[in-house]
Structure formats: C-alpha cells, structure tokens
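So that the names make sense, note that chain A is the first sequence line, chain B the second, and so on, each numbered from 1.
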2 protein chains.
Amino acid sequence: MPQTPPATIKDVARVAGCGIATASRVLNKSGPASTKMRERVERAASDLGFCFNAAGRALQSRRSMTIGCLVPSLANPVFAEAVQGVQAELLGSGYQILISCSNYDDAADNTSISTLLENNVDGIIATMVAPDRSTALLQAKQRGIPVSLMFHDPLDGLVTAYVDNFVAACEVARRFAALGHRRVGFLALRFSTSDRSRNRYAGFHAQCRASGLADPTLIEISEVEARHPEQLAAILARYRDITALFASNDFLAIAVQKAARDLEWKVPQDLSIIGFDGIEVGRLLEAPLTTIETSPEAMGRQAAQSLLHALQGLGLVQLPPLPFSFREGGTLAPPNPKRTDDDRVAAQPSSVHPAQDQN
Amino acid sequence: MPQTPPATIKDVARVAGCGIATASRVLNKSGPASTKMRERVERAASDLGFCFNAAGRALQSRRSMTIGCLVPSLANPVFAEAVQGVQAELLGSGYQILISCSNYDDAADNTSISTLLENNVDGIIATMVAPDRSTALLQAKQRGIPVSLMFHDPLDGLVTAYVDNFVAACEVARRFAALGHRRVGFLALRFSTSDRSRNRYAGFHAQCRASGLADPTLIEISEVEARHPEQLAAILARYRDITALFASNDFLAIAVQKAARDLEWKVPQDLSIIGFDGIEVGRLLEAPLTTIETSPEAMGRQAAQSLLHALQGLGLVQLPPLPFSFREGGTLAPPNPKRTDDDRVAAQPSSVHPAQDQN
DNA sequence: TTGTACGCGTTATCAG
DNA sequence: CTGATAACGCGTACAA
C-alpha cells in the first residue's frame, strides 16, 4: 500500500512556484491570473493529482454542498424511486446526498434529522413518521436550513412534494360507486404511521358518503400479515359483505389479490380491487392491477428542485400537488349480484378485525 | 426566521467559563475533568443547543466519518435493498452514507467515485459497470481508502459481497435438465453492462453442456422491450423451439411470463421459467415465480461489515460467497412433448435476435 | 486538572 | 495581477 497522502492546494502552489491564493484563484476560476500562471498551476495540479478537500472548503465557506435525505425505508421501492429522483435532479448541481432511513420509527426519525444537522447539510429532503412532532426539524428551520418534504400532504409551514391523497381517494370511491358497489373496504398497513394512508382513508370515506355508499370498512393489517397470503386470506374471509376494496398501496393490492384467489374469490367478479402508487410490476400481473398511478420519482425531483431554488437564496415555495391518474386494469368490475345476495345474509357488523379508531 | 448561527465549542467554553480544550474533553469524554467542570460544560452545551461541526472535525481528524455508496440505480429494488442493508449495518457506527447512482453509465461510474473521493469518504461500497476499468477506484486504493464491492464476482484484488452467480446458474440448468428439457434459453437485459449477468450465462451454458442439453439460446433485449410486453412477446415468438427459459432477473421473468400469456403459451406447460433474485412480489403472482432466491440486503450488510472491519485497522478480507436457494414456484414443469414436437419442425437456427458475442 | 496555541485545507481580504 | 495572512471549528500537544 503506497499510502500517498493527498496533495493539498499548498502543494500545488509550491510546485507551481506561486502563492496559495493564486493557486486557489486559478483552480476555482475565481479571480484574475496571467496565462502563464494559469498554465503552471494547472500543470502542477494535474501532476500531483490534486483534488479539493471538501472538509476544508466546507469549514471556510460554511456550506457543505451536501443535502440530507431521510426516508422511512429504501426497501420500499416508492421511497427508493423518490430518492432516485432527488439524485437525478441534484446531479450536476454539485450537491451530494447524505442518506438516512428511519425504518418507520418515530424516534429514529428525529435523531436522523439531528445527525444530518451535525453533518452540516445545507438542506433537508424528508419523508417522516411525524414531521410535525420533530424537534430536530424545528431546529433546522431555526438554523435557516431549508426543508422540503416528500409524500406528505401540506403541513404547518412545511413545503412538500405530494399528490393530493384525499382527492385521489375520492376518485376511487367514485369509480366504485359508478359501477354499483355499495359495500366497500379500505385496506391499510399500520395505519397510524402514515399520514398519507390516513388521508386516503379520509378522502375515500368522505366520497363514499357523498356517493351514497355505506361507510367503508377499515381493515388494518400488520406487516407480517401482509407478507403471508394465508393470514391475509383468513382476515379477508371475515369481510364477505364487501364487493370492492381500496388498498392503500399496490403491494397490499397484489397481496390481497392473491389472498382472494386462495379463498377462491374471483377478482374482479367477486371482489374488485384498486391499488395506490402505480408500481410497474402491477401492469404485468395476470389481471393487471387497477390503480391510482403516481410518480414517486417526480416527487423526489420536485422536492429537490424546490430545495435547489431555496438554496439559491430565493425562498421555499409550496408548489401545487403533483398529478395522479387512474390506471385502468383488470381488477375492477361491477359487483356480482349473485354473490353479494348470497353473502349479505350471513354478513356481520362491518368493522370487526382491528377495531381501532380511525384517526 | 431567527437565523441563529450554530453554537461552536468556543461558545460552550465561554458560557461554561472554561478553556476550549476542557470543553472538548468533556463533550468527547476524551480526557480528565472535574465533576464540577463536567456539569458546567454539559449545562452550557445543552443551553446553547450545541452540536458538533462535522467539517471542523473532519478537517482536524482527517476522517469524515462518511462512507461513499455507489449503485447503478435505486429504481432497481435489488440495489435499493442492498443500500438499505448497508444503512442498517452502519447504523450506530457513527458513519454516514453518501450516496450516488451511475444509471448504469460507465463514465458516470468513474466520476461518481471521484466525487466521493473529493468528499473525503473514509471508505467506499460500490456496484459498478466496470470496476476493473475505473481509474478513480484505483486512486482510492492508492490513497489507502478501503473499497468493498457488492454483487460483483471476485475481481482483481477487490473484496466483494456476492452470490456465486456461476454456481447458481448451474443449479438452474440442472433443474431444467432433470425435468427433461433439451432446448433452453437465457434472457438478459443489456448483457454487456453486468458481469453478474455474464457469469450467470456462463454457468448456465457450462452446465447445459455438462448435462447434455443444447447450448442455451441467448436472448438479449433492451430496457424498452422489457417494459413493453407486446414487444417482448414479438421477440419471444421467434423462439418457439425452447421449452424453458432462464431469466437473468425476476422482473424479466415476470415480464416474459406476461409475454407468454399474450402469445397464449401456458406457463409452465408450454414454457418453464426460472428467475433470479427472489424478489418478494414473485411469491404473490398467480403462478408464483420459480427462482433463485438471494438476499440483496445481506450483500449490503456484508459489504458494510467488511468495510467497518477494515476501518478499524484490521485488513479487508474476502468472505465466502453468500448463500442462495432454489425457490419452488409454479413456473417450472416438464416440457410439453406435444408442443415441442409440433414446433420443433418449424424451428430456426437458435440465436437470431441480437446475434451478439457472449462476452 | 486545566488552558493556550497550533494546524488541518480552504477561501477571502487586503496590501503590494 | 500576485501573495501573505486571517479566519472557519475542532482536537490535541504541551505548558501551567
């Protein structure tokens, strides 16, 4: 291991036979320099394999050229794609991404932001469990560090890149209603950890009322249950009365589709399913998933754009929500009158499973 | 915006009425201090909301406590999960992750590493298009910065966290052979940009020979074709002679399954399919995907462990390949003798589509 | 046990 | 046009 200590600007100046300031000016193209000097410095720099030291720069300029990015998890492709969008947008701006995952943990959420702050990030892009309860986020605001949220609906004075979950969920209820569904359900994962999910439920609920449907049955399941189709099937079996289900995300929609198959319920004849997010693989299923299509990558891009804008001294401005679209698929159809009539007789009170408050 | 400039250790010392060194020793628990001093300093620090400045620290200690992580893309869940593994393993170690994506671009690959180097990362974890051709990676080695690869098969003197792609691919060929398949294919995406894919082909090819099968037909497609089932179907239609297909990753396997459906080929009766990676959603398909199951997260974890180990002064050591397993599913069956007989007559020379060299 | 002073690599100021 | 020099925040010899 040769272990050459990296060359500093001082080394460059020495080799070029000039002062440090001159070397700095040339290398940064930030001031006047004679052609001769310029050449000598550039030559020296390339000979030494010189490379700026970010720490020194950060210390003196008080800017780290680093953006902190906090997401619940990268194992969820929705967030991974959002980060990819951030990365794409930041490319060429000179900013680097310092990444952090909270694993959907409230406390980790907050300490992660603190850690980013310690690392002198110039800005923060985040999706959190509870941005409104994060003291560290408050600290960031106080320090004048711009913060841009992703996925969250507008909140406090925080700027966010989002789709209007409430409105999108209304659309789902409207579709169900138009086809004649009367008893519908909402399937969500760990309801309390996501304001997106809550807002989707709220919109769905509101529009169900407006369309004259019964209040939607809330079915909340754990992560484990979501991953084990047989467990999910057992839960689903308790809700024979519903003819259509709105799943809070596409993975749940796919999982519940399998659970329904295991119960020998035909999708969409016996049960219609609409998902949320619009992941790519949904298109490739035997019955392509009907879903609300969004673009996580676009959220990341917009959040990054807003931040870049703010970093240039112009303020942080809340942009309008990003568009979503209803993607036709093979999991939505009118209710099967035969099945609903048969089952309606045996139907039990609507909210059974995790009898939990909906807020 | 109050815009309070962050408190420095100097401020803490002033408020606590002591010297900077004392404050530093207390805050770092790195030296002696009287109980009284300790209290005063800690009190002052918390009052001021003091928080270390990473740049100052990095400059003086010549360590940034930052790990650079380069992957082709976060839009591919395999890499996203790997990064998640890295993150999980690094949690609590004090190291932060600086992330970068190359978008499968050879040049971006190299400049990304350079950028990480400029940012003084203490170590690098990467999956690249061509690690062996990266001058920046060489530079890192020269500087004594430990590098740990992910997914790549062992290479040069580079440590890597991987599964043995060759051996895993042999397993696939063996399964096909055992069921009586004779003409098989290998489906890959942009073959040349991934040594993993190449090694899988090599292992598959070798074992096909060893098992007395015909040399596998190489079917290489573009990303666009992979995303459009109808295009993929058109390509697949040219290969009626093969009865089994090894897809280089699960997404391709799922896509080709849809393409086969569109052609009204039954899976697995008319065409057996085995994938690679073992993504979760494969289990939820109507015909659960038969595949080689790997754990990208484990690769990330192992790469991070190796790096942490090296960062503690112990050397970088190459660990044995990570395990994979054959996951049973519903897309593998013996060949349908009827169909193969019918079609074999019309079969054309085996490699038609992107007649490209296999290296 | 405590405090002073220096240097890490950089940029900016200001005098030549 | 050029070159000393003073910060930036921190850790740490070294001196008290």
Looking at the side chain of [X], which of [options] is the nearest nucleotide?
X      : options                  : answer
F50(A) : dT10(C), dT2(C), dG11(D) : dT10(C)
R25(B) : dA13(D), dG9(D), dG3(D)  : dA13(D)
F52(A) : dG3(D), dG11(D), dT11(C) : dT11(C)
M37(A) : dT13(C), dA7(D), dT2(D)  : dT2(D)

How close or far is atom [atom2] of [N] from atom [atom1] of [X], stated in whole angstroms?
X      : N       : atom1 : atom2 : result
M65(A) : dT11(C) : CE    : C1'   : 14 Å
K29(B) : dT12(D) : NZ    : C1'   : 18 Å
R63(A) : dT11(C) : CZ    : C1'   : 13 Å

Can you tell if the side chain of [X] reaches within under 4.5 Å of the side chain of [Y], non-hydrogen atoms only?
X       : Y       : result
P154(A) : T160(A) : yes
L137(A) : K141(A) : no
S306(A) : L316(A) : yes
Q84(A)  : S73(B)  : yes

Check this one for me: any side-chain N or O of [X] less than 4.0 Å away from OP1 or OP2 of [N]?
X      : N       : value
S34(A) : dT2(D)  : yes
R62(A) : dG9(D)  : yes
R57(A) : dT11(C) : yes
S61(A) : dT11(C) : no
N53(A) : dC8(C)  : no
T22(B) : dT2(C)  : no

Looking at every strand, decide which applies to [X] at a 4.0 Å heavy-atom threshold: base, sugar-phosphate, or nothing.
X      : answer
A33(B) : sugar-phosphate
G56(A) : base
A21(A) : base

Note to self: Please determine whether salt bridge (charged side-chain N to carboxylate O under 4.0 Å, His left out) holds for the pair D11(B) and R14(B), giving the CA-CA distance in whole Å, both sets of side-chain angles, and the decisive distance to 0.1 Å.
What the structure shows: CA-CA 5 Å; D11(B) 298 321; R14(B) 187 172 35 71; 3.0 Å; yes
Margin query: Both I20(A) and S24(B) contact DNA chain D. Which one's nearest nucleotide lies toward the 5' end?
Written below: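 Closer to the 5' end of DNA chain D: I20(A).
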